[in-house]
Amino acid sequence: MSIAPEQYIALSAVLFFIGVVGVIVRRNPLIMLMSIELLFNAANLAFVTFARVWSNIDGHIFAFLVITVAAAEAAIGLAIVAVTFRRTPHVDVDEVAALRG
Amino acid sequence: MIEFWILAILMIASAVFVISAKKPVYSVVGLLGNFIALAAMYLTLQAEFLAVMQIVVYSGAILILFVFVIALLSSGVTPFDVGPNRARGIGIPAAVFGVLALGAIVVTAIRSGIHAGAAPGGATGDAGVFGSVASFGASLFTTNLLPFEVTAFVLMVSVIGVVLIAGDEGPGGVPRRKKRRAIEREPIVKPIARVPR
């Protein structure tokens, strides 16, 4: 079995780039959260690729921890979105100022 | 390697669909395709346990959470629709710099010469050992036991945070706890206390 780590890393970079564009360009906070999930997944793909290249299981552990943090982030982010939209029915993150310091 | 290209095209197409869909529900569908393709990609990298975790946690828990929140928000009076994108003054420079950074990453990854044979120990040809549930669990519960327990703490903190953020008020912004009755009771008590003054 021959693996080509460069291809996997390049794919991870492409997915990360797509996620960054989604976070920057979209104004809907739900789609921004989904783009953040894309970022997490791109990082996970890089972790798993390096674990495979170096034959070290620690990359899998890192990916597991990232999945956990992503679950916590999604829960809290969606709670904030739900509470914010219950008060002001806007779907535009540029107009929401409730959390502004 | 044909499966890599099929999965890569699927993942890129679904990711582009996620960030370009009109409604968040369509984005969720695109995200589902991306997650399943990524799970299959984990299988090509001998990460069996992570592939299962990807489907169970992401496709089973996080996506359902997204669907619930979208359904909750779109059940209001106003139709839940997407706002316009940000100003193109932000989008176009972001895309240009993003493409440049992407090219730098790809070129660096190709030129840096990471090869499987050059790694210390080399890649294991043993398909049944590396990345299996047994090896993953052995590492997780011996070497990395502390991070695993910290994971439980992080999840507990997030659950408490969600309850504190979203659990305080019912629909319509009315506090679910009976704070108003306590306020109404205050005048009953206070005049009696103020009488001696």
Side-chain angles (χ1 to χ4, degrees), chain A residues 1-11 13-15 17-22 24-28 30-31 33-35 37-38 41 45 48-49 51-55 57-58 60-61 63-65 67-72 74-76 78-83 85-87 89 91-92 94, chain B residues 4 8 11-12 15-16 18-19 24 27 31 38 41-42 45-47 50 53 57 61-62 65 69-70 72-73 76 78 80 82-86 90-91 94-95 98 102 105-106 109-110 114 116 119 121-125 130-131 135-136 139-140 144 147 151 154-155 158 161-162 165-166 173:
Chain A
M1 174 183 175
S2 68
I3 64 167
E6 295 90 354
Q7 296 174 355
Y8 285 97
I9 298 302
L11 175 64
V14 169
L15 290 174
F17 165 65
I18 293 172
V20 167
V21 169
I24 291 176
V25 171
R26 296 306 295 259
R27 296 168 95 175
N28 191 330
L30 287 170
I31 295 181
L33 282 176
M34 291 182 214
S35 302
E37 300 293 331
L38 285 179
N41 279 314
L45 183 59
V48 174
T49 302
R52 176 70 183 86
V53 170
W54 296 87
S55 296
I57 202 71
D58 285 344
H60 292 188
I61 304 287
F64 178 74
L65 298 181
I67 287 176
T68 308
V69 171
I76 292 200
L78 287 174
I80 290 175
V81 167
V83 170
F85 286 165
R86 204 184 290 161
R87 292 182 180 172
V91 284
D92 191 348
D94 290 337
Chain B
F4 171 81
M11 288 178 72
I12 292 173
V16 169
V18 166
I19 70 165
S27 292
L31 206 58
L38 184 62
M41 194 71 92
Y42 284 163
L45 286 167
Q46 291 187 9
L50 276 183
M53 287 293 294
V57 175
I62 295 181
L65 197 60
V69 170
I70 289 169
L72 187 69
L73 293 181
T78 58
F80 186 73
V82 198
N85 291 335
R86 283 182 203 273
I90 297 176
L102 177 67
I105 291 172
V106 172
I110 290 174
I114 34 174
T124 54
F130 177 74
S135 62
F136 184 87
S139 177
L140 187 64
N144 298 299
T151 293
V154 167
L155 285 177
S158 77
V162 167
I165 290 170

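Residue numbering restarts at 1 for every chain, and letters A, B, ... go by the order of the sequence lines. For the numbers below, each heavy atom of this structure counts, side chains included, while hydrogens, waters and symmetry mates do not.
The distance from the CG atom of Leu45(A) to the CE atom of Met11(B) is 5.5 Å, given to the nearest 0.5 Å. Rounding to the nearest 0.5 Å gives a distance of 10.5 Å between CZ of Phe64(A) and CG of Asn144(B). Within the model, atoms CD of Glu37(A) and CG of Leu31(B) stand 7.0 Å from one another, a figure rounded to the nearest 0.5 Å. To the nearest 0.5 Å, atom OG1 of residue Thr68(A) and atom CE of residue Met53(B) are 6.5 Å apart. To the nearest 0.5 Å, atom CE of residue Met41(B) and atom CG of residue Leu15(A) are 8.0 Å apart. Distance check, rounded to the nearest 0.5 Å: NE2 of His60(A) to OG of Ser135(B) gives 8.0 Å.
Minimum interatomic distance between Val154(B) and Ala72(A) (heavy atoms only, all atoms of both residues): CG1-CB, 4.1 Å. For Val83(A) against Ile165(B), the heavy-atom pair with the smallest separation is CG2-O, 3.5 Å. A pairwise comparison of heavy atoms in Met34(A) and Pro24(B) identifies CE-O, 3.6 Å as the closest pair. Closest approach of Ile19(B) to Ile31(A), counting heavy atoms only: CA-CG2, 4.4 Å. Minimum interatomic distance between Ala74(A) and Ile62(B) (heavy atoms only, all atoms of both residues): CB-CG2, 3.9 Å. When all heavy atoms of Arg52(A) and Leu45(B) are compared, the closest pair comes out as CD-O, 3.5 Å.
Contact of Leu38(B) with chain A is made through the side chain alone, with heavy-atom distances under 4.5 Å. At a 4.5 Å heavy-atom cutoff, the contact between Val16(B) and chain A is made by backbone and side-chain atoms alike. Of the two parts of Val18(B), the backbone and the side chain both hold a non-hydrogen atom closer than 4.5 Å to a non-hydrogen atom of chain A. Heavy atoms of Val14(A) lying under 4.5 Å from chain B belong to its backbone as well as its side chain. In this structure, the portions of Leu65(B) lying under 4.5 Å from any heavy atom of chain A include both its backbone and its side chain. For Ala47(B), the parts lying near chain A are the backbone and the side chain together; criterion is any non-hydrogen pair under 4.5 Å. Both the backbone and the side chain of Ile57(A) come within less than 4.5 Å of a heavy atom of chain B.
Considering only heavy-atom pairs separated by less than 4.5 Å from chain B, the leading option among Asp58(A), Leu38(A), Val20(A), Val21(A) is Leu38(A).
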Exercise. Just do the side chain to side chain contact (heavy atoms under 4.5 Å, CB included) check on Ile61(A) and Ser139(B) with the steps written out, would you?
Key: CA-CA 8 Å; Ile61(A) 304 287; Ser139(B) 177; 3.9 Å; yes

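Val162(B) places none of its side-chain heavy atoms less than 4.5 Å from the side chain of Leu78(A).
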